[in-house]
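The structure appears right after this line, and notes come after that.
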Amino acid sequence: MVEIDKDFLVSIITPVYNSEKYLSDNITSVQAQTHSNWEHILVDDCSRDNSETLIRSFQEKDTRIKYHRLEKNSGAGIARNKAIEIAKGNYIAFLDSDDTWYPAKLEKQLNFMKKNNYHFTFSSYDKMDGGGSLINAVVRAKRMVSYKSALYKNPIGCLTVMYDVGFFGKQYMPSIRKRQDYALWLKLLKKSNAYGLDEVLSTYRIGNESISSNKFKLLKYEWQIYREVEGLSLPQSIFYTVSAIILKLKSYFW
């Protein structure tokens, strides 16, 4: 295995909103990383619970943990963008506040990128229920994702993504309420394909937002991405939206 230069700083982006219940698991999974050169930037979107107190208790003992609170509730995309703005790392990685990583996540993904000269990567991941128990639903990473293939469906889990700041520069999410991550992937894919590492390195927590009926509610945001963010024509936007509906129906019934 290629040995990673320990000087490679990874900035980990975590938006926080009323996340007290899961934050300890989230932060300790970062602290357990075998690649220790990271900064964990947690941006609080005006939580009303004890998220801030909990984060600051970790911060007192570990200076790699950074806390910032937004002035008003603005959504996960704005919180992520603020964290990206603050970030000092050579690489940007994403981890939502209710998800976790396995200890070798950063090390293996950095090795994968350095060995193959990849600039945008993702990996396979597990799913767990709200109580933290794993369910039999591993999401396997595709070998490669192009801009064109991603227009049909977002195959990239946010909690698994890492991109090279030296190659892309700092790249931000558009100011839309949902699916900002998908829009960012499309932006990155215009400059480089994304490459998947087929190892389970993360665990995604399923919540109410993952219920199939709500998946269809997200279609309006995909339409917004096609028309407003990507600037696709009306026929193209209709085509990709209908394709997304068909793919969601297939995943629901089969």
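Along the sequence shown, residues are numbered consecutively beginning with 1.
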- Query: CD1 of Ile92 to CZ of Phe168: how many Å apart, nearest 0.5 Å?
  - Reply: 12.0 Å

- Query: If you measure from OG on Ser47 to CG on Asn18, what distance do you get to the nearest 0.5 Å?
  - Reply: 4.5 Å

- Report whether Tyr67 and Val10 are members of the same hydrophobic cluster (ILVMFWY, side-chain heavy atoms less than 4.5 Å apart, transitive linking). yes

- Item | Heavy-atom pair of closest approach, residues Thr28 and Asp25 | OG1-O, 3.2 Å

- Query: Quick one: are Cys158 and Tyr204 in side-chain contact, heavy atoms under 4.5 Å?
  - Reply: no

- Query: For the residue pair Tyr118 and Tyr195, does the interplanar ring angle fall in the parallel (under 30°), tilted (30 to 60°) or perpendicular (over 60°) class?
  - Reply: parallel

- Item | SB check Asp45 Arg80 (cutoff 4.0 Å) | no

- Just do the salt bridge (Lys or Arg N to Asp or Glu O under 4.0 Å) check on Arg140 and Asp198 with the steps written out, would you? CA-CA 6 Å; Arg140 291 290 175 191; Asp198 189 13; 3.1 Å; yes

- Item | Verify same cluster id: Tyr172, Ile225 (apolar side-chain graph, 4.5 Å) | yes

- Contact summary for Ala150 and Tyr182, nearest pair of heavy atoms: O-OH, 2.6 Å

- Message: Grouping I, L, V, M, F, W and Y whenever their side-chain heavy atoms are under 4.5 Å apart, do Ile13 and Leu186 come out in a common cluster?
- Response: yes

- Query: Can you tell if the side chain of Trp185 reaches within under 4.5 Å of the side chain of Phe120, non-hydrogen atoms only?
  - Reply: yes

- Message: For the NZ atom of Lys105 and the CG atom of Leu201, what is their distance to the nearest 0.5 Å?
- Response: 7.0 Å

- Task: May I ask you to check whether over 12 heavy atoms, not counting those of Lys21, lie within 6.0 Å of atom NZ?
- Result: no

- Tell me whether Tyr152 is reachable from Val145 by hopping between hydrophobic residues (I, L, V, M, F, W, Y) whose side-chain heavy atoms are closer than 4.5 Å. yes

- Task: Using only heavy-atom distances, determine whether the side chains of Ser29 and Thr100 contain a donor-acceptor pair under 3.5 Å.
- Result: no

- Query: Got more than 12 heavy atoms from elsewhere within 6.0 Å of NZ, Lys88?
  - Reply: no

- If Ile, Leu, Val, Met, Phe, Trp and Tyr residues are connected whenever their side-chain heavy atoms lie under 4.5 Å apart, and connections chain through other members, are Tyr147 and Phe167 in the same group? yes

- Query: Could you state the interatomic distance from CD1 (Ile12) to NE2 (His40), rounded to the nearest 0.5 Å?
  - Reply: 6.0 Å

- Task: Give, for atom CD1 of Ile65 and atom CD of Gln59, the distance between the pair rounded to the nearest 0.5 Å.
- Result: 7.5 Å

- Between Tyr102 and Asp126, does any side-chain donor sit less than 3.5 Å from a side-chain acceptor? yes

- Message: Within the structure provided, determine whether Asp44 and His68 are in side-chain contact (heavy-atom separation under 4.5 Å).
- Response: no

- Message: Less than 4.5 Å apart, side chain to side chain, heavy atoms only: is that true for Tyr91 and Ser11?
- Response: no

- Item | Lys187, NZ: over 12 other non-hydrogen atoms inside 6.0 angstrom | yes

- Side-chain contact, heavy-atom cut-off 4.5 Å: Asp99 with Ser202? no

- Message: For Lys108 and Glu199: C-alpha separation, side-chain torsions, deciding distance, then whether salt bridge (Lys or Arg N to Asp or Glu O under 4.0 Å) applies.
- Response: CA-CA 9 Å; Lys108 287 187 174 183; Glu199 289 192 50; 2.8 Å; yes

- Of all heavy-atom pairs linking Tyr163 and Gly169, the shortest is CE1-O, 3.5 Å

- Task: Determine the minimum heavy-atom distance between Leu70 and Cys46, stating which atoms define it.
- Result: O-SG, 3.3 Å

- Check whether the side chains of Gln236 and Ser233 place a donor and an acceptor atom closer than 3.5 Å, and report yes or no. yes

- Query: Could Glu222 and Arg179 be called an ion pair, given the rule that one side-chain N must be under 4.0 Å from one carboxylate O?
  - Reply: yes

- Query: Could you go step by step and tell me if Glu52 and Arg56 meet the salt bridge (Lys or Arg N to Asp or Glu O under 4.0 Å) rule?
  - Reply: CA-CA 6 Å; Glu52 178 177 355; Arg56 291 200 182 279; 3.1 Å; yes

- Item | Rounded distance [0.5 Å steps], CH2 in Trp101 versus CG in Leu159 | 8.5 Å

- Query: Between Tyr226 and Tyr240, is the ring centre distance below 6.0 Å?
  - Reply: yes

- So do the side chains of Leu234 and Arg227 get within less than 4.5 Å of each other, counting heavy atoms only? yes

- Task: Please check if the side chain of Thr121 supplies one atom and the backbone of Gly196 the other of a donor-acceptor pair under 3.5 Å.
- Result: no

